[in-house]
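Remember, predicted model here, so these are calculated numbers, not experimental data.
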Amino acid sequence: MRRAVLASLLLLTAGCRTARGTADEPVVLSLTFRGVKAVDQDDLRAKLATQAPRHFWNGVERLDPDALALDRRRVEAFYREHGYYAATVQAPELVPAGAGRVRVVFRVHEGAPVRVSRVVVEGLDDAPAVRVQAGPLALQDGMIFSEAAYDATKAQLQRALATTGYATAKVTQAAQVLPEERTAAVTYRVEPGPRFRLGRIFVAGTSAVPRQKVVAQAEREARAGDWYDEQKLELMQKRVFDLGVFAGVRVNAGEPDPVRRTVPVVVAVREAPFRTLALGPGFGFQKSRWEAQGQVSWTHRNWLGGLRRLQLDAKGGYAWLPPARQGTVGKVSAEFAQPGAVLSDRVDLTARVEVEKVLEQAYGSITERLRLGAPFRPATRWSVSPSYNLEVYRLRDLTPAASGLPQVEACPSGRCLLSYLEQAVTWDGRDQPLATTRGLYLSLAVQEGFTIGSLGYRYLRFLPETRVFLKLGRGTVLAARVMLGALVPIGETGPAPVVALFTGGGAMAMRGYGADRLSPMTYLDGSWLPTGGNGLLEGNLELRQDLGGDLGGVLFLDGGNVSGASGSPGAWRTVLDVTSLQLAAGVGVRYRTPFGPVRFDVAGRLPTDWSAGVPFSHRFPTVPGSSGHREPIVTLNLTLGEAF
């Protein structure tokens, strides 16, 4: 089977490379530009009818002589849009590349650009707030005169008017372009009109959901009497959609009332089914853990009325932890949410209970968890989730040797209890949570652990995380993530229970190690078991490239380190020593599905010892701590879901 697939891929590749056309319509092997420096070649190429395949699986592109003749004019028009009115293009050159195949070459003389001699904005003398709101204009004196900046400045002024109360304002633009003199004089004329305030909020399309709930949710962003702000309408729309009971939400401004000088707001909604049932598989493959699970989820979004949400989840499966550990795993949970329960409908109340069967390298456990929360969103991009948490771990399958570990001795009779308060704060500035292309994501979780009777552990735990996404070009994204974990014991003499300590590694973390294998380790009963530590530092850098269709590729560099386990408050700080940071580089493939991307990553750890005479395997660092153990150099990861 494997040989058949490989042979098919080779034939496909060979077919694309050896495809031939006719003398009149040859196959285009490549499309290149000569002399293009001032504009983006990918953007220019996208404007042309003549194309060449980017990859061998993109198929065959044939030359259309009529379209090629027009492409010469398209190149010149593209340059004019970008301010280069003197740009000229020679007749496209067709370079033979074998029978029925050609390479197309465009030679461009860009010439000098047209620059803006002056930008004048008229009509804002009576609306000074608009100038402040607009900020620096996209088109300014001395800049190259491009149509994109020319139109963007008009949109910028229109947006500033619409967000400062001028709901009926008009902006016109005019430009006097003198190509011979390479100058352009630009004028924007503004007619602000009267200034408006927000009026009443009307709701349409709801039957089971109380309209006052929708109005209250929208009023978290703006109320009647505030200055009209077009951007607030978008924020209102997101707020209402976040109720989770609507399939569609549209918030629009109504007809302005010139007498009252108010603009009503119309919230049009389409209710979704309140009850949903979801089924799905899950799988994961890493060198240190294989796992297959099935999941079922039932949700009622208006349980007992008032938009109370009840969600029941169950998943179960089997896990294999080489070399010899395996067994069933699973989890059942119930979560209840009461939206707008306190503080004038602004704070929700949630409760979650779950029971989970866990299988780890060092132990198995039956875990019961209780979580009581009061989440709220002070602003659109902000979310705050304070909660109380109680977790009870009943350790099982412990060998006598593992029972003697300090991290396990902190669990009397094999029972670990964690009782803590947690405050989680996030700011989400990403353009979209899935398939993110640009933006910033910040989060901070703080825990305060305390004892209940003689059980529990007193500690402070900090977990800040930062993610950055930059769009570099067509289908190219640079993504970075940094996370720091610190567990600080308070008045304790020994290390925290094993279930509270940090471990690193895995498909969603430092991919140079298997799941939880970036950790101090101890050798027990013929296996190396991770024991965890007080501190964690992990970082990921990815260059993501769209490969066409549902395929994507990734080059990545991961780093990570975990400190030892201790009752000392400052033990976590050892992870801040960047000289001890372990690195891994790799390549991955992504296949987008309705459930998220299927990821296959190959990671290799980077050597740190280049001394002469050192065996190859000893050039790579040992696991954190003093055990001297070395994990495999190369790690494979197959899983579902984006890395971060």
Q: Run the salt bridge (Lys or Arg N to Asp or Glu O under 4.0 Å) test against Asp257 and tell me which residues pass, sequence neighbours left out.
A: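 Salt bridge (Lys or Arg N to Asp or Glu O under 4.0 Å) list for Asp257, sorted by chain: Arg260.
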Q: For the pair Glu219 and Ile201, evaluate side-chain contact (heavy atoms from CB on, under 4.5 Å) and give the outcome as yes or no after the intermediate values.
A: CA-CA 9 Å; Glu219 285 182 341; Ile201 298 177; 3.7 Å; yes
Q: Do the side chain of Thr153 and the main chain of Leu139 share a donor and acceptor less than 3.5 angstrom apart?
A: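 Answer holds: yes.
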Q: Between Arg115 and Gly142 (side chain of the first, backbone of the second, donor and acceptor by atom type, cut-off under 3.5 Å), is there such a pair?
A: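 Such a contact is found between Arg115 side chain and Gly142 backbone.
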Q: What is the minimum heavy-atom distance between Val263 and Ala253, and which atoms define it?
A: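 Smallest interatomic distance, heavy atoms only, reads CG1-CB, 3.7 Å.
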Q: Considering residues at least two apart in sequence or located in another chain, which fulfil the salt bridge (Lys or Arg N to Asp or Glu O under 4.0 Å) criterion with Glu465?
A: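 With sequence neighbours excluded, Glu465 shows a salt bridge (Lys or Arg N to Asp or Glu O under 4.0 Å) to Arg467, Arg481, given in chain and number order.
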Q: Tell me, do Leu472 and Val477 make a side-chain contact under 4.5 Å, heavy atoms counted?
A: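 A side-chain contact is absent here, since even the closest heavy-atom pair is not under 4.5 Å.
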Q: Can you tell me how far CD of Gln295 sits from NZ of Lys315, rounded to the nearest 0.5 angstrom?
A: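 If I round to the nearest 0.5 Å, the distance is 5.5 Å.
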Q: Applying side-chain contact (heavy atoms from CB on, under 4.5 Å), name anything that partners Ala174, two or more places apart in sequence or on another chain.
A: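 Arg189.
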Q: More than 12 heavy atoms of other residues, nucleotides or ligands under 6.0 Å from CZ of Arg250: yes or no?
A: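 Counting other residues, nucleotides and ligands, CZ of Arg250 stays at 12 neighbours or fewer.
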Q: Test your reading of the model: is there a side-chain donor-acceptor pair from Glu542 to the backbone of Val554, 3.5 Å cut-off?
A: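 No; judged by distance alone, with no hydrogens or angles, the pair does not exist.
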Q: Do the side chain of Gln156 and the main chain of Ala138 share a donor and acceptor less than 3.5 angstrom apart?
A: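 Present.
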Q: Do the side chains of Lys47 and Asp43 get close enough for a salt bridge, i.e. N-O under 4.0 angstrom?
A: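 A salt bridge is absent here (no side-chain N lies under 4.0 Å from a carboxylate O).
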Q: Within a strict 4.5 Å, meaning less than it, do heavy atoms of the Pro264 and Arg200 side chains meet?
A: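 The answer is no, as the side chains (C-beta and beyond) never meet within the 4.5 Å cut-off.
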Q: How long is the span from the CG atom in Asp64 to the OG1 atom in Thr50, to the nearest 0.5 Å?
A: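 Going from the CG atom of Asp64 to the OG1 atom of Thr50 covers 7.0 Å.
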Q: Could you check whether atom CD of Gln140 has more than 12 heavy atoms from other residues, nucleotides or ligands sitting under 6.0 Å from it?
A: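 Yes, CD of Gln140 has more than 12 neighbouring heavy atoms, counting only those of other groups under 6.0 Å.
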Q: So, for Asp348 and Pro339, which heavy atoms are closest and what is the spacing to 0.1 Å?
A: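 Heavy-atom minimum between the residues: OD1-CA, 3.2 Å.
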Q: Examine distances only and state if a side-chain atom of Gln217 and a backbone atom of Arg239 form a donor-acceptor pair shorter than 3.5 Å.
A: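 It does hold such a pair.
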Q: Looking only at atom types and distance, does a side-chain atom of Glu110 sit under 3.5 Å from a main-chain N or O of Lys37, one as donor and one as acceptor?
A: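 Judged by distance alone, yes, a pair lies under 3.5 Å.
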Q: Is it the case that the side chains of Thr206 and Glu271 hold a donor-acceptor pair, with the cut-off being a distance below 3.5 Å and no angle test?
A: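 Distance-only check passes for Glu271 and Thr206.
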Q: Donor-acceptor pair, Gln237 side chain versus Val251 backbone, under 3.5 Å?
A: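 A pair under 3.5 Å: yes.
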Q: Would you please test Val190 and Glu122 for side-chain contact (heavy atoms from CB on, under 4.5 Å) and show each step?
A: CA-CA 6 Å; Val190 179; Glu122 301 175 349; over 6 Å; no
Q: State, yes or no, whether a side-chain contact exists between Tyr188 and Leu157 at a heavy-atom distance under 4.5 Å.
A: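 SC-SC contact between Tyr188 and Leu157 confirmed.
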Q: Thr164 and Gln133: side-chain hydrogen bond (donor to acceptor under 3.5 Å, both in side chains), yes or no, with the steps?
A: CA-CA 8 Å; Thr164 52; Gln133 181 70 17; over 6 Å; no
Q: Check ring-ring contact (aromatic ring centres under 6.0 Å, His included) between Phe33 and all other residues, then give those that pass, not counting sequence neighbours.
A: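 Once residues adjacent in sequence are excluded, the partners of Phe33 under the ring-ring contact (aromatic ring centres under 6.0 Å, His included) criterion are Phe106.
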Q: Go through Gln311 and Arg309 one step at a time and tell me if the side-chain hydrogen bond (donor to acceptor under 3.5 Å, both in side chains) criterion holds.
A: CA-CA 7 Å; Gln311 181 171 334; Arg309 182 172 58 84; 3.2 Å; yes
Q: If only atom types and distance count, is the side chain of Asn389 paired as donor or acceptor with the main-chain N or O of Leu372 below 3.5 Å?
A: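 A pair under 3.5 Å: no.
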Q: Of all residues at least two apart in sequence or in a different chain, which pass the ring-ring contact (aromatic ring centres under 6.0 Å, His included) check with Phe145?
A: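 Partners of Phe145 under the ring-ring contact (aromatic ring centres under 6.0 Å, His included) test: Tyr150.
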Q: Excluding sequence neighbours, so at least two apart, what forms salt bridge (Lys or Arg N to Asp or Glu O under 4.0 Å) with Asp141?
A: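 By the salt bridge (Lys or Arg N to Asp or Glu O under 4.0 Å) rule, Asp141 matches no residue at all.
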Q: Check whether any side-chain heavy atom of Val214 sits under 4.5 Å from a side-chain heavy atom of Phe246, and report yes or no.
A: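 Val214 reaches Phe246 side chain to side chain.
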Q: Output yes when Glu221 and Lys238 qualify as a salt bridge under the 4.0 Å nitrogen-oxygen rule, no when they do not.
A: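 Judged by the 4.0 Å cut-off on N to carboxylate O distance, Glu221 and Lys238 do not form a salt bridge.
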Q: Contact between Ser333 and Leu312 at the side-chain level, heavy atoms closer than 4.5 Å - yes or no?
A: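 Of all side-chain heavy-atom pairs linking Leu312 with Ser333, none is under 4.5 Å.
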Q: Would the number of heavy atoms belonging to other residues, nucleotides or ligands and lying under 6.0 Å from CZ of Arg461 be above 12?
A: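 Atom CZ in Arg461 is crowded, with more than 12 foreign heavy atoms closer than 6.0 Å.
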Q: Give a yes or no answer on whether the side chain of Asp550 reaches the backbone of Tyr591 with a donor-acceptor pair at less than 3.5 Å.
A: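 Not confirmed, Asp550 side chain does not pair with Tyr591 backbone.
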Q: Which atom names give the shortest non-hydrogen contact between Tyr166 and Ala127, and what distance separates them?
A: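 Taking Tyr166 first and Ala127 second, the nearest heavy atoms are OH-CB, 3.6 Å.
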Q: With sequence neighbours excluded, what pairs up with Phe78 under the ring-ring contact (aromatic ring centres under 6.0 Å, His included) test?
A: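 Phe78 satisfies ring-ring contact (aromatic ring centres under 6.0 Å, His included) with His82 once adjacent residues are dropped.
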Q: Which value, rounded to the nearest 0.5 Å, describes the distance between Leu390 atom CG and Leu370 atom CG?
A: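 Here the rounded value is 6.0 Å.
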Q: Between Lys154 and Asp151, is there a salt bridge with N-O shorter than 4.0 Å?
A: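 Salt bridge: no.
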Q: For the pair Glu642 and Arg590, find out whether any cationic side-chain nitrogen is under 4.0 Å from an anionic carboxylate oxygen.
A: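 Result for this pair is yes, salt bridge flagged.
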Q: Please list, chain by chain and in numerical order, all residues satisfying side-chain hydrogen bond (donor to acceptor under 3.5 Å, both in side chains) with Thr276, sequence neighbours excluded.
A: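 Arg301.
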Q: Sequence neighbours excluded, which residues qualify as side-chain hydrogen bond (donor to acceptor under 3.5 Å, both in side chains) partners of Gln51?
A: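 Applying side-chain hydrogen bond (donor to acceptor under 3.5 Å, both in side chains) to Gln51 gives none.
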Q: Does some side-chain heavy atom of Trp382 sit less than 4.5 Å from a side-chain heavy atom of Thr426?
A: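 The answer is no, as the side chains (C-beta and beyond) never meet within the 4.5 Å cut-off.
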Q: Quick one: do Val114 and Ile144 satisfy side-chain contact (heavy atoms from CB on, under 4.5 Å)? Show the steps, please.
A: CA-CA 6 Å; Val114 170; Ile144 295 175; over 6 Å; no
Q: Flag yes if more than 12 heavy atoms outside Glu191 fall under 6.0 Å of its CD atom; otherwise flag no.
A: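 No, because the 6.0 Å sphere around CD of Glu191 holds 12 heavy atoms or fewer from other groups.
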Q: Considering residues at least two apart in sequence or located in another chain, which fulfil the side-chain hydrogen bond (donor to acceptor under 3.5 Å, both in side chains) criterion with Ser117?
A: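 Expected list: none.
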Q: Taking salt bridge (Lys or Arg N to Asp or Glu O under 4.0 Å) as the test, write out the residues that go with Arg599, two or more places apart.
A: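 By the salt bridge (Lys or Arg N to Asp or Glu O under 4.0 Å) rule, Arg599 matches Asp601.
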Q: When you measure from the side chain of Asp71 to the backbone of Leu48, do you find a donor-acceptor pair of N or O atoms at a distance under 3.5 Å?
A: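 Here the side-chain-to-backbone pair does not exist.
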Q: Let me have the donor-acceptor pairs involving side chains of residues 224-236, under 3.5 Å, with sequence neighbours excluded, atom names and distances please.
A:
unit_1	atom_1	unit_2	atom_2	d
Asp226	OD2	Arg223	N	3.0
Asp229	OD1	Gln231	N	3.0

Q: Do Thr593 and Val598 come within less than 4.5 Å of each other through their side chains, counting heavy atoms only?
A: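 Thr593 vs Val598: side chains touch.
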Q: Does either side chain, that of Glu448 or that of Gln423, offer a donor lying less than 3.5 Å from an acceptor on the other one?
A: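 Yes, a side-chain donor-acceptor pair sits under 3.5 Å.
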Q: Do Leu551 and Val589 pass the side-chain contact (heavy atoms from CB on, under 4.5 Å) test, and can you show the C-alpha distance, the side-chain angles, and the key distance before you say yes or no?
A: CA-CA 7 Å; Leu551 281 178; Val589 177; 4.2 Å; yes
Q: With side chains defined as the heavy atoms from C-beta onward, is the minimum distance between Asn302 and Val209 less than 4.5 Å?
A: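 Of all side-chain heavy-atom pairs linking Val209 with Asn302, none is under 4.5 Å.
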Q: Using 30° and 60° as the class limits, which term best fits the ring planes of Phe336 and Trp303: parallel, tilted or perpendicular?
A: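 The arrangement is perpendicular - the two ring planes meet at more than 60°.
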